[in-house]
Amino acid sequence: MDKAAAQKRIEQLREELNHHNYKYYIENQPEISDQEFDLKMKELTDLESQFPEFADPGSPTMRVGSDLSEEFEQVQHKYPMLSLGNTYSEEELRDFHNRLVKLAGSNFSYVCELKYDGTSISLTYINGLLHRAVTRGDGSVGDDVTRNVRTIRSVPLKLHGDYPSEFEIRGEIFLPIEGFERLNREREKNGEPPFANPRNAAAGSLKLQSSALVAKRPLDCFLYYMLGDKLPTNSHYENLMKAKSWGLKISPHMKICQSIEEVFEFIRYWDAARHNLPFEIDGAVIKVDEISLQNQLGNTAKSPRWAIAYKFKAEQAQTRLLSVDFQVGRTGAVTPVANLEPVQLAGTVVKRASLHNADIISDLGLHINDMVTVEKGGEIIPKITGVILEQRLPQSEAVEFVKNCPACDSPLMRVEGEAAHYCPNSANCPPQIKGKLEHFISRRAMNIDGLGSETINLLFNQNLVKTISDLYRLRPSQLIHLDRLGEKSARNIINSIEESKLVPWPRVLYALGIRFVGETVAKKLAKAFTSVDQLASATEEELVAVDEIGEKIAESIIAFFKSESNKKLVDELKQFGLKLEGTEETTALSKKLEDKTLVISGTFSKYSRDELKQLIEAHGGKNATSVTGKTDFLVAGEKIGPSKLEKAKSLGITILTEEQFLGLIEK
Ligand code: IVH
């Protein structure tokens with residue numbers, strides 16, 4: 001590769017890796033598998049060492065990814081929290097072994113362990129009590145997540161036996177597969193995006209602000225590395241056995257190996273047997289057992305020289321491509337999905353695979369009835385990674401991307417430089433309308449209880465709701481006669497729609513479902529433009545002046561407000577009284593009331609009722625008008641109606657005075 005080409009590729013890889021780091025560590029929604037990430041990182045590392053003139057201290061090769069977030073106290077690690085060197089090949093593992101033998105002779109043992117696919121944690125115990133739990137962060141500073149880790153049952157709060165007065169023990173917090181699937185089912189029911197894999201679910205859970213919510217997630221933890229000034233023995237394995245006797249959860253899948261051949265045996269066994277485990281692993285970790293030798297070998301800047309991770313390759317299977325479906329999402333993007341002859345892969349039967357976009361189909365050169373290779377990386381949905389050309393049937397037809405929308409037949413469009421095809425008929429294309437409605441009512445958007453995708457489907461098919469504003473025109477009498485809905489659910493839905501008028505401006509903006517305007521972007525925009533009118537009249541220049549808003553987002557916002565149907569929608573929502581304006585101060589002060597539902601009733605001395613409602617929103621809570629089983633607090637002022645008080649008392653709901661409420665949200 002010549003110099004100019006190398007520079008171009010280096011820049012491209014850095015940009016890609018930064019993007020994937022963000023998706024992985026910050027959003028917990030990775031787009032590529034670990035293996036693909038590692039390959040890109042390796043390519044970049046190689047190029048940077050080949051062309052040192054392009055070195056950059058800001059390159060993704062120079063740091064381990066960070067999972068720091070603003071909401072937790074940050075703590076300096078006493079011992080840096082290193083990562084592990086990794087390999088996918090037996091040959092490289094043999095090189096690692098030969099290097100060690102050269103440095104230390106052959107008189108040492110290995111401990112082989114499983115490589116748990118979760119999120120790493122460092123626990124400190126002082127005088128037998130759990131003192132602190134800290135995430136890896138950037139390796140030298142991590143987030144103090146003690147209050148969340150205390151909810152994990154397999155982490156003992158108190159030890160027994162002959163433990164040292166102070167030590168640290170590190171391990172992995174993970175979500176067993178069954179708990180992960182349950183969590184995703186619940187999230188989908190609530191209109192929240194599912195987690196891509198158990199690892200991201202575990203990392204996301206640990207960073208929740210409410211430890212009560214964390215406690216509901218069936219997190220588990222295996223501990224695999226003890227550190228301290230006075231460790232009980234010179235053997236890593238023996239120390240872990242000691243830790244086990246103090247009540248700590250140590251992996252039962254550890255093995256002492258005296259030779260590299262035994263190490264390979266361990267690896268081969270678990271590569272096949274991993275699918276029978278109730279949790280996910282992505283490889284094995286091989287460590288030198290003798291701590292004196294570990295210390296002698298020391299660490300590089302990123303990882304210890306005495307340990308290495310052997311990562312399992314993503315599992316592959318071969319099967320036949322039967323057909324390709326084209327699905328239309330809420331933004332009009334058309335996604336191709338492959339229907340496959342069912343095949344067993346990594347413990348599950350695979351029938352469908354995502355194909356993402358037209359470029360991927362043409363890069364693969366797919367034909368119907370082709371034998372294809374499917375792979376399951378870190379994600380739940382497998383993908384097609386290759387075609388077995390030798391087995392192509394004569395006269396088989398190439399897969400063509402549809403030209404017209406499969407739902408409404410409008411000719412599809414493709415924006416220059418973008419991979420996706422779009423159906424432009426956003427106002428009339430049924431899956432787009434239903435998708436937009438589902439997004440609008442979802443928990444993180446307008447949070448309209450009682451409405452789910454089934455009811456939306458019903459309302460749409462009965463011609464009762466064709467646009468978002470139709471929701472605010474619904475009357476109980478129209479709902480009662482719908483299938484499966486009784487009077488009580490109908491009333492709940494109407495109440496919940498009414499209550500959504502109090503949802504603050506940033507969330508309403510997110511709920512509108514403008515392409516590329518996710519939650520974070522909506523918050524940024526709502527802060528910069530404090531009303532929908534300001535946003536709608538903003539120029540591209542004004543939009544891109546906002547932190548993190550690029551051309552692509554700006555263009556999408558401008559296009560949204562240009563459309564006549566969207567203008568009409570915004571006008572109607574204004575008339576129905578939705579909050580299409582608001583200042584940042586009234587929108588995000590803390591998360592103290594996150595997931596809490598409060599009812600305000602009566603008259604108050606310090607604040608007006610509306611101000612109190614704004615405070616509730618500002619601290620992450622939800623306002624409701626009537627007391628039900630879902631109410632967490634009733635804030636009772638003077639002249640409160642006796643029936644509300646009675647009801648709250650009979651349901652055992654906490655009743656607060658204005659003072660007590662203010663105490664709750666105070667620092
Ligand atoms: S030992 C200095 N042992 O893998 C050595 N790590 O890619 C510290 N991991 O950050 C790590 N299972 O989160 C070790 N049995 C195991 C592990 C393990 C999973 C994770 C850990 C680490 C990452 C490195």
Side-chain angles (χ1 to χ4, degrees), residues 21 24-25 28 30 33-35 37-38 41-42 63-67 77-88 92-93 96 110-123 133-140 142-143 145 149 168-175 197-200 202-203 206 219-228 231 236-237 239-241 243-244 248-257 263 266-267 270 274 277 279-291 293-295 297-312 378:
N21 254 334
Y24 183 106
Y25 281 103
N28 292 313
S33 68
D34 280 7
Q35 196 174 349
F37 184 93
D38 292 342
M41 187 63 99
K42 188 164 187 314
R63 65 176 170 94
V64 280
S66 170
D67 62 2
H77 288 296
K78 188 167 171 191
Y79 313 94
M81 229 169 143
L82 301 174
S83 170
L84 287 172
N86 68 50
T87 175
Y88 290 87
E92 281 180 17
L93 183 53
F96 165 82
Y110 287 116
V111 179
C112 291
E113 300 170 11
L114 300 184
K115 187 169 184 318
Y116 303 103
D117 201 6
T119 182
S120 46
I121 194 76
S122 184
L123 308 176
V134 183
T135 65
R136 181 165 77 172
D138 64 4
S140 55
D143 278 341
V145 289
V149 170
E168 224 174 293
I169 190 156
R170 293 181 179 168
E172 202 83 355
I173 290 179
F174 62 93
L175 203 57
N197 53 47
R199 176 194 54 223
N200 295 99
L206 214 52
L219 294 167
D220 204 339
C221 178
F222 275 131
L223 299 164
Y224 47 60
Y225 182 34
M226 197 193 299
L227 298 104
L231 295 180
H236 163 73
Y237 185 88
N239 287 343
L240 291 182
M241 289 302 125
K244 191 173 170 190
L248 290 157
K249 184 160 175 175
I250 307 299
S251 161
H253 316 286
M254 278 201 297
K255 188 168 183 269
I256 299 209
C257 296
V263 170
F266 179 90
I267 288 173
W270 281 110
R274 63 180 149 140
L277 290 168
F279 47 80
E280 287 199 347
I281 60 170
D282 60 342
V285 180
I286 297 97
K287 301 175 182 171
V288 167
D289 185 44
E290 290 79 2
I291 292 170
L293 180 53
Q294 290 184 358
N295 293 337
L297 292 164
N299 309 317
T300 70
K302 270 171 78 172
S303 49
R305 288 199 190 85
W306 46 266
I308 191 164
Y310 180 93
K311 296 241 228 163
F312 297 139

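We count residues from 1, following the sequence as given. In each ligand, atom 1 is the first atom listed, and ligand 1 is the first ligand listed. No hydrogens, no waters, no symmetry mates; every other heavy atom, side chains included, goes into these values.
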Give me the one residue out of Y224, F266, Y237 that meets side-chain contact (heavy atoms from CB on, under 4.5 Å) with V111.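 The residue from Y224, F266, Y237 that satisfies side-chain contact (heavy atoms from CB on, under 4.5 Å) with V111 turns out to be Y237.
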I'd like to know if the side chain of H77 reaches the main chain of T135, judged simply by a donor and an acceptor atom lying under 3.5 Å from each other, with no hydrogens or angles considered.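 It does hold such a pair.
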Polar side-chain atom of D117 near backbone of P198 as donor-acceptor pair, under 3.5 Å: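 Judged by distance alone, no pair lies under 3.5 Å.
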Under the side chain to side chain contact (heavy atoms under 4.5 Å, CB included) test, which residues partner S251, sequence neighbours left out?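 S251 satisfies side chain to side chain contact (heavy atoms under 4.5 Å, CB included) with Y116, F222, H253, M254 only.
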Identify, chain by chain and in numerical order, each protein residue with a heavy atom under 4.0 Å from an atom of ligand 1.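 Correct list: L84, E113, L114, K115, Y116, S120, R136, E172, Y224, Y225, V285, K287, P304.
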For W306, run the ring-ring contact (aromatic ring centres under 6.0 Å, His included) check against Y110, F96, Y225 and tell me which one passes.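 Testing each of Y110, F96, Y225 against W306, the sole residue satisfying ring-ring contact (aromatic ring centres under 6.0 Å, His included) is Y225.
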Answer yes or no: is there an ion pair linking E280 with R199, defined by an N-O contact shorter than 4.0 Å?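 Result for this pair is no, no salt bridge flagged.
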